[in-house]
S.K.: 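Once you've had a glance at the structure underneath, I'll fire off some questions.
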2 protein chains.
Amino acid sequence: METTRRREIEDVASDLFREQGYSATSVRDIARALDIQGPSLYAHVTSKEDLLWAIVDRAASRFEAAADAAEAWAAAQHAGDHAVHLAELARGHVRTITADVGAASVFVAEWRALGPGRRAAILARRDAYERRFRELIADGTATGVFRMADPTLAAMLVLGALNAIATWYDPNGRLPADRIADLAAEAIVRIVAEEPT
Amino acid sequence: METTRRREIEDVASDLFREQGYSATSVRDIARALDIQGPSLYAHVTSKEDLLWAIVDRAASRFEAAADAAEAWAAAQHAGDHAVHLAELARGHVRTITADVGAASVFVAEWRALGPGRRAAILARRDAYERRFRELIADGTATGVFRMADPTLAAMLVLGALNAIATWYDPNGRLPADRIADLAAEAIVRIVAEEPT
DNA sequence: CCTACCGATCGGTAGG
DNA sequence: CCTACCGATCGGTAGG
């Protein structure tokens, strides 16, 4: 099927973009990894940047969906418990990364290569996503559950720690993805929480 | 003086590499930022990759020197206090980043563009540097001051949080560099420390 | 530090 | 999905 082939191309491109960066990866590099000729790729994609956009756009949607799920779950099960909500938000973030490291890495690091319009669009979504962390930490600090002197800085440190996982995560590595998600969520709650958990 | 001009070139290149990435930055981009013609750059540098190497090599040395200083200071003033040592190591790391964001960003993110030999050399130094964080956390955990279930993961999270500062730090931003260094050091000690500090 | 220039590679098109 | 091909740009050299 055509959509399957298209996804295969996006997956191969994601991995190459992650390893070498978008602009250091040529269209022919992607084609070679698929065992086809460079120009043949254009039967499936309209441009190299369209391919980048497709990857980034889908990755963004996955992060957003994970945050929505974490929020819904926290609201239903532990309404008002900021620490539990933050832990779940972090866990979802990490699981989204480990589920597709290639796409997550590209979302985190390669969006700069997008043209002005798309770059602005993805930056707006990134900002909105980061705001969820920031406001959750700020709310928790206001109610005294958290204790960060600067919630904005705290959110940047937390997201920095979690996003870096996209850089070093190896599916065949020592720690399974779920364990990384649990331990990382625990660690980041410890940054902001008033009491050790 | 010639060395001054050379440093000016490295500074301009660092900033461009940080903003656009090494391979998306052309030799002519660097030249334009210096108000000279592309080929004129080769009066000062032997190749684009040599320029990258000079930046990465110097940045690596600064991180190493900061860690040495933190270690010497902790040994002299607070021998055996792992939390104080880790805080100082983190503070030094952040100050090294904010003192030259361009170079630090390139060290953190653009070393992939180096040729095989130099890439291996810088990776070895990165590993040795990361080991200082990892072993300090492992030692503190062994003596009961820290409580991380997985010191290796803890070190990666800590370094991820700190390195991300190179991505978003703005010298004209809301928080001064020293305040970021202090707050970040405090936050990361909180990740690993047994008691709230 | 400049102009003139080079081979290689880039993203992409034409036409099957 | 292929071969043949294109204009633009790349890093870098020659020769002042």
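Proteins get letters first, then strands, A, B, ... in listed order; numbering begins at 1 in each.
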S.K.: Output the rounded distance in Å from CD (A:Q20) to C1' (C:dC10).
M.R.: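 Taking CD of A:Q20 and C1' of C:dC10, I get 14 Å after rounding.
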
S.K.: Aromatic contact between A:W73 and A:H85, with the criterion being ring centroids under 6.0 Å apart: yes or no?
M.R.: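 Centroid separation for A:W73 and A:H85: 6.0 Å or greater.
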
S.K.: Looking at the side chain of A:P39, which of D:dA4, D:dC2, C:dG11 is the nearest nucleotide?
M.R.: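 For the A:P39 side chain, the nearest candidate turns out to be D:dA4.
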
S.K.: Within this structure, what is the OH-to-C1' distance between A:Y42 and C:dC10, rounded to whole angstrom?
M.R.: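 Interatomic distance, OH of A:Y42 to C1' of C:dC10: 9 Å.
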
S.K.: Contact class for A:T25 (heavy atom, under 4.0 Å): base, sugar-phosphate, or nothing?
M.R.: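 Sugar-phosphate, backbone atoms only, no base.
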
S.K.: Do the side-chain N or O atoms of A:R5 get closer than 4.0 angstrom to the phosphate oxygens (OP1, OP2) of D:dC1?
M.R.: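 For A:R5, the contact criterion (side-chain N or O under 4.0 Å from OP1 or OP2 of D:dC1) is met.
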
S.K.: Atom CG of A:D35 and atom P of D:dC2: how far apart are they, to the nearest Å?
M.R.: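 Nearest whole value for this atom pair: 9 Å.
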
S.K.: Check every atom of C:dT3, C:dC1, D:dG11 against the side chain of B:Q37 and return the nucleotide holding the closest atom.
M.R.: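 The listed nucleotide nearest to B:Q37's side chain is C:dT3.
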
S.K.: Ring centroids only, cut at 6.0 angstrom: are B:H93 and B:Y129 within range, meaning strictly under it?
M.R.: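 Close enough - the centres of the two rings lie under 6.0 Å apart.
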
S.K.: What's the CG-P distance between B:L41 and C:dC2, to the nearest Å?
M.R.: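 So the CG-P distance, B:L41 to C:dC2, works out to 10 Å.
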
S.K.: Give the rounded distance in Å between these two atoms: CG of B:D50 and C1' of D:dT13.
M.R.: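 Distance check: B:D50 CG to D:dT13 C1' gives 16 Å.
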
S.K.: Just compare C:dC1, D:dA14, D:dC5 and give me whichever is closest to any side-chain atom of A:R28.
M.R.: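 Side chain of A:R28 sits closest to D:dC5.
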
S.K.: Where the side chain of B:S40 is defined as all heavy atoms beyond and including C-beta, which of C:dC1, D:dC1, C:dG11 is the nearest nucleotide?
M.R.: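 When the side chain of B:S40 is considered, C:dC1 is the closest of C:dC1, D:dC1, C:dG11.
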
S.K.: Report yes if some heavy atom in the side chain of A:Y22 is under 4.5 Å from a heavy atom in the side chain of A:K48; otherwise report no.
M.R.: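 Side-chain contact under 4.5 Å: yes.
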
S.K.: For a quick check under 3.5 Å, do A:T167 and A:R18 share a side-chain donor-acceptor pair by atom type?
M.R.: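 Short answer, no.
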
S.K.: Which sits closer to the 5' end of DNA chain C, A:A24 or A:T46, going by the nucleotide each is nearest to?
M.R.: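 Whichever sits nearer the 5' end wins; that is A:A24.
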
